[in-house]
Structures are given as structure tokens and as C-alpha cells.
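Keep in mind it's a predicted model, so treat the numbers as computed, not measured. Labels below follow one simple rule: chain letters A, B, ... track the order of the sequence lines, proteins then strands, and each chain is numbered from 1.
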Number of protein chains: 2
Amino acid sequence: MARSFDQVRKILAQNIRALRDEGQLSQEELALRADVDRTYVSQIERAIGNPSLLVLCKLSVVLGVDVKQLFDPI
Amino acid sequence: MARSFDQVRKILAQNIRALRDEGQLSQEELALRADVDRTYVSQIERAIGNPSLLVLCKLSVVLGVDVKQLFDPI
DNA sequence: ATGTGACTGATAGTCCGTT
DNA sequence: AAACGGACTATCAGTCACA
């Protein structure tokens with residue numbers, strides 16, 4: 001379970017970073033548009049912390065994908 | 001965004017309840033095995049609150065699905 | 001067996017920086 | 001641009017009594 005959490009969180013980190021790069025967004029831009037803190041986006045991309053569903057939704061909207069796609073391995 | 005969050009959260013609630021029923025588990029049983037509180041499972045199934053990734057992982061493991069499946073509309 | 005409100009400790013998430 | 005830290009606040013995680 002802790003294993004699953006770590007895996008999921010890493011996939012999440014990869015996907016967010018990949019999607020963000022695709023969209024030519026900086027962490028700062030993404031954070032601004034998603035209305036979350038700049039340092040928190042950084043944390044999520046480093047697979048640190050434990051983001052809530054709300055934050056994941058906010059990010060997915062800005063990244064232009066459905067939430068579940070954030071969990072799909074690339 | 002708030003709309004997306006509400007939608008996602010409702011899908012989540014439906015899926016968890018459906019999967020739980022499939023597995024013949026009570027909220028209590030699911031809660032016990034996933035190591036979260038019974039009333040918290042109740043809250044999630046009622047689409048109240050804002051569960052963290054960790055909690056979602058815990059539940060998905062017990063329900064025998066990948067996390068992303070929790071976000072797939074049935 | 002579940003829904004609900006109230007309550008608190010833990011931590012998610014922010015805001016200020018420096019490297 | 002991004003990683004990282006410290007201090008702070010909002011809210012989630014988790015428990016309880018009760019219907």
C-alpha cells in the first residue's frame with residue numbers, strides 16, 4: 001500500500017511535468033493558473049507530499065486533461 | 001474547476017460504493033482493511049470532503065483496482 | 001450498517017526567502 | 001527557471017456520540 005502510494009505519486013510527478021513541458025508552461029505559470037502555490041507544484045513534481053483531490057483537479061484542468069490521465073503511465 | 005472537482009468527486013463516490021458492493025464489503029470492513037475511519041469512508045461515498053492521494057491509494061488497494069480506475073465513470 | 005455534527009491533532013498548502 | 005528551507009495558516013485525517 002505504501003508501495004502503491006509511492007508508485008502512484010511518482011507516475012503523477014512524471015505526468016505533470018511532461019504535460020507541463022508539452023504546454024510550454026513553467027512551474028510558476030502552472031501554479032498561477034491552477035491557483036496553487038508555486039513551491040507546491042515543485043513538491044508534487046518531486047513526488048514529495050500528499051496532494052488532495054482538489055489540487056489534482058485544479059492541475060488537470062490547466063493541463064487540459066482528465067484527472068484520471070494523471071495516473072496513466074506515459 | 002470547482003465544477004470539475006464536484007464531478008470527479010461524485011464519480012469517485014459512485015465507484016467506491018459500487019466496487020465495495022461488488023466485493024460484498026460493508027463500509028466498516030472496507031475502512032478496517034484500508035486503515036481509515038468508517039465515518040470517513042461514509043463521507044467519501046457521500047462526495048463530501050477532499051480526500052488525499054494517500055487515502056485514495058489505500059482504498060483502491062483494498063478494492064483491488066488501480067487508483068485511476070476510481071476515476072473512470074462506470 | 002450507515003449518516004451526521006462536532007471536535008482536535010496532524011499535515012496539506014501558502015508565503016517569505018536563498019541558492 | 002527550479003530546488004529548497006522556515007514559519008505560518010487552512011484544512012484534512014481521524015475519532016466520538018448519537019440517530
Side-chain angles (χ1 to χ4, degrees), chain A residues 1-65 67-68 70-71 74, chain B residues 1-65 67-68 70-71 74:
Chain A
M1 179 274 298
R3 162 161 236 126
S4 157
F5 177 53
D6 251 26
Q7 289 172 346
V8 169
R9 180 199 230 183
K10 275 174 193 162
I11 291 174
L12 195 68
Q14 286 174 1
N15 286 349
I16 288 177
R17 178 159 297 188
L19 288 166
R20 183 171 66 73
D21 285 346
E22 251 178 58
Q24 312 257 19
L25 292 170
S26 65
Q27 287 183 353
E28 210 161 4
E29 265 294 313
L30 172 57
L32 187 69
R33 298 194 196 178
D35 193 37
V36 302
D37 196 75
R38 172 179 60 82
T39 62
Y40 200 51
V41 172
S42 168
Q43 286 178 39
I44 294 175
E45 288 195 0
R46 281 177 287 139
I48 295 174
N50 177 23
S52 71
L53 185 58
L54 177 57
V55 169
L56 296 180
C57 279
K58 284 178 170 179
L59 293 176
S60 71
V61 168
V62 174
L63 293 171
V65 297
V67 187
K68 73 175 178 185
L70 295 180
F71 297 103
I74 311 172
Chain B
M1 179 277 294
R3 163 162 234 126
S4 157
F5 177 53
D6 251 26
Q7 289 171 347
V8 169
R9 177 199 232 183
K10 275 173 193 162
I11 291 174
L12 193 69
Q14 287 174 1
N15 285 349
I16 289 178
R17 179 159 297 188
L19 287 167
R20 183 171 66 73
D21 284 346
E22 251 178 56
Q24 313 257 19
L25 291 171
S26 65
Q27 286 183 353
E28 211 162 4
E29 266 294 313
L30 172 56
L32 186 69
R33 299 194 197 179
D35 194 35
V36 303
D37 196 76
R38 174 185 70 79
T39 61
Y40 198 51
V41 173
S42 168
Q43 288 177 36
I44 294 174
E45 288 194 1
R46 280 177 290 139
I48 294 173
N50 177 23
S52 72
L53 184 58
L54 178 55
V55 170
L56 296 180
C57 279
K58 284 179 173 180
L59 293 176
S60 71
V61 168
V62 175
L63 293 171
V65 297
V67 186
K68 71 175 179 185
L70 295 180
F71 298 103
I74 310 174

Taken to the nearest whole Å, OH/A:Tyr40 to P/D:dA10 is 17 Å

Nucleotide nearest B:Val36 when distance is taken to its side chain, options C:dG13, D:dC4, D:dG14:
D:dG14

A:Leu54 and A:Lys58, any side-chain heavy atoms less than 4.5 Å apart
yes

Within the 4.5 Å heavy-atom criterion, are A:Leu59 and A:Ile44 side-chain neighbours or not?
yes

C:dG3 phosphate, OP1 or OP2, under 4.0 Å from B:Arg17 side-chain N/O:
yes

So what does A:Glu45 touch, heavy atoms closer than 4.0 Å: a base, only the sugar-phosphate, or nothing?
nothing

Give the rounded distance in Å between these two atoms: CZ of A:Phe5 and C1' of C:dT11.
12 Å

I need the CG-C1' distance between B:Leu32 and D:dT15, as an integer number of Å.
15 Å

Rounded to the Å, how far apart are B:Ile16 CD1 and C:dT2 C1'?
16 Å

In whole Å, I'd like the distance from the CG atom of B:Asn50 to the C1' atom of D:dT11.
9 Å

Would you indicate whether the side-chain heavy atoms of B:Val61 and A:Phe5 approach each other to under 4.5 Å?
no

Taking the minimum atom-to-atom distance to the side chain of A:Pro51, which one of C:dG17, D:dA2, C:dG13 wins?
C:dG13

C:dG17 base / A:Arg38 side chain donor-acceptor hit below 3.5 Å:
yes

Between D:dG14 atom C1' and B:Ile44 atom CD1, what is the distance in whole Å?
11 Å

Whole-Å distance, B:Glu28 CD to D:dC16 P, equals 13 Å

Look only at the side chain of A:Arg38 and the backbone of A:Glu28, and say whether a donor-acceptor pair between them is shorter than 3.5 Å.
no

When B:Ile48 and A:Gln43 are each assigned the nearest nucleotide of DNA chain C, the 5'-most assignment goes to B:Ile48

Please determine, for the side chain of A:Ser52, which listed nucleotide (C:dG13, C:dA12, C:dT4) has the closest atom?
C:dG13

Could you tell me whether A:Asp37 contacts a base, only the sugar-phosphate backbone, or nothing, with contacts defined as non-hydrogen atoms closer than 4.0 Å?
base

Between C1' of D:dT11 and CG of B:Leu54, the distance in whole Å:
16 Å

Just call it for A:Ser26: base, sugar-phosphate, or nothing, with non-hydrogen atoms closer than 4.0 Å on any strand.
sugar-phosphate

So do A:Leu12 and A:Leu56 actually touch side chain to side chain, heavy atoms under 4.5 Å?
yes

Which one, C:dT2, D:dA3, C:dA12, comes nearest to the side chain of A:Gln27?
D:dA3

Of B:Leu25 and A:Leu53, the one whose nearest nucleotide on DNA chain C sits closer to the 5' end is B:Leu25

Taking only the side-chain nitrogens and oxygens of A:Arg20, find out if one of them lies under 4.0 Å from OP1 or OP2 of D:dA2.
yes

Can you name the nearest heavy-atom pair linking B:Arg20 to B:Leu30, along with the distance?
CD-CD2, 3.6 Å

Side-chain contact check for A:Thr39: nearest option of D:dA3, C:dC15, D:dC16 is C:dC15

